[in-house]
Number of protein chains: 2
Amino acid sequence: MPKSVQPLVPIAVLEAVADYFKILSETSRLHILQCLRSGPMNVMELCEATELGQANLSKHLKVMTQAGILTRQPKGTSAYYEIADPLVFEFCELACGQIGDRLRQQAEKFLQATTLQSNSSAPKKSAKSQKTKVKEQVPGSRH
Amino acid sequence: MPKSVQPLVPIAVLEAVADYFKILSETSRLHILQCLRSGPMNVMELCEATELGQANLSKHLKVMTQAGILTRQPKGTSAYYEIADPLVFEFCELACGQIGDRLRQQAEKFLQATTLQSNSSAPKKSAKSQKTKVKEQVPGSRH
DNA sequence: AAGTTTAATAACTATATAGTAGTCTAACCC
DNA sequence: GGGTTAGACTACTATATAGTTATTAAACTT
């Protein structure tokens, strides 16, 4: 079996890297990470913030916890999740740099939508003042 | 239907980031990137190097080209692909840092396998000196 | 104790896509 | 021209998983 041109890097490593990226390749999970950026939250709070179903959310949290991205801390009947290593956000910023063009458009559209609240729902619920961070994450100056 | 709690960051942005990660979340594609690290290659060469089917490979190449990760340059009857922005490898290195523990194990296993070609009962796990270099090996430092 | 609340789990459906086989096109060769 | 080769594309299958509904378990409340 003249096979397997010796890989430059063991396939197993590529798989591990791929698995890690796979976890970050889901909008819902990025949304969860987003929410947790301001601090630990329990499942119910995340449920509300992300609008994900409880079971679905729980599954995502499990995945990310097992991957070491989140930590879980039970407290009474609830469980608080927290970012294990803020370094994950470097990924997102790096990614934003890579897809800058596409992002810039979307960021503009977003800013328009928020500044001129044409109609729709009144937001202000949990407004954490987090939105000002958008610019940091998105476009322009990458640092 | 009071829906859509206004997200801190537009969902569209999270989706764009997720899509980018999704491209890097496949072992085969990482393998391709690996191969291209040493320079442009045509499809046939990649076919041989990665052991992927031609059609499959072509599909992956299309995906990555459309995402701006690769560039395509026809030459005669063949097409040469090239890394568009070496920055992608920063992702991999960053990822390796994140999953270091798991990777370290695999790297050791890999070193064992390569140093003592035949399998048999491998005596020592002397590979420890390498540990800190794991991240360097990953992205394809080989040659 | 019975009743509530919160989160995890199980079972299921629906969708996306990696991989494959076969076909088609375009650039090369004689 | 006819033949060959490289690579893209179409159609298909198989698999993985996001999301949902329903159930279960555990910590609290009274």
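We use all heavy atoms of the structure for the numbers below, so side chains are in, but hydrogens, waters and symmetry mates are not. Per chain, numbering begins at 1; letters A, B, ... match sequence-line order.
Side-chain heavy atoms closer than 4.5 Å link hydrophobic residues (I, L, V, M, F, W, Y) into clusters, and following such links, possibly through other members, connects A/Ile11 to B/Leu24.
Contact annotation: the side chain of A/Ile32 never approaches that of A/Met41 to less than 4.5 Å [non-hydrogen atoms, C-beta and beyond]. Two residues are said to be in side-chain contact when any heavy atoms from C-beta on lie closer than 4.5 Å; B/Val43 and B/Tyr80 fail this criterion.
You can see that DNA chain C meets the heavy atoms of chain B within a 4.0 Å-exclusive cut from C/dA18 to C/dC28, reading 5' to 3'.
Across the protein-nucleic acid pair, A/Met44 atom CE and D/dC28 atom P stand 16 Å apart, rounded to whole Å. In this entry the distance linking CG of A/Leu24 with C1' of D/dA18 reads 16 Å, nearest Å. Atom CE of B/Met64 is separated from atom C1' of D/dG7 by 15 Å (rounded to the nearest Å). Rounded to an integer number of Å, the gap from B/Tyr80 OH to D/dA6 P is 11 Å.
Nucleotides of DNA chain C nearest to A/Asn42 and B/Arg29 differ in position, and the one nearer the 5' end is that of A/Asn42. Both A/Gly76 and B/Leu61 lie near DNA chain D, and the one whose nearest nucleotide falls closer to the 5' end is B/Leu61.
Every residue two or more places apart in sequence or in another chain that forms a side-chain hydrogen bond (donor to acceptor under 3.5 Å, both in side chains) with A/Asn56 is listed here: A/His60. Shown here are the side chain to side chain contact (heavy atoms under 4.5 Å, CB included) partners of A/Ser25, two or more places apart in sequence or in another chain: A/Lys22, B/Phe21, B/Lys22, B/Ser25. Every side chain to side chain contact (heavy atoms under 4.5 Å, CB included) that B/Ser58 has, sequence neighbours left out, goes to B/Gln54.
Each side-chain hydrogen bond (donor to acceptor under 3.5 Å, both in side chains) pair with one or both residues in residues 69-78 of chain A, not counting sequence neighbours, would appear here, but there are none.
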Problem - Base-contact (B) and sugar-phosphate-only (S) positions in nucleotides 19-25 of chain D, heavy-atom cut-off under 4.0 Å, - elsewhere - result: BBBB---
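In this structure, A/Tyr81 reaches the sugar-phosphate backbone alone: every heavy-atom distance under 4.0 Å involves primed, P, OP1 or OP2 atoms, never a base. Nucleic acid contact class of A/Ser58 (heavy atoms, under 4.0 Å, all strands): base.
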Side-chain donor/acceptor pairs under 3.5 Å, residues 81-89 of chain B, sequence neighbours excluded:
residue, atom, partner, partner atom, Å
B/Asp85, OD1, B/Leu87, N, 3.0

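In this structure, B/Glu45 contributes its side chain and B/Asn42 its backbone to a donor-acceptor pair below 3.5 Å.
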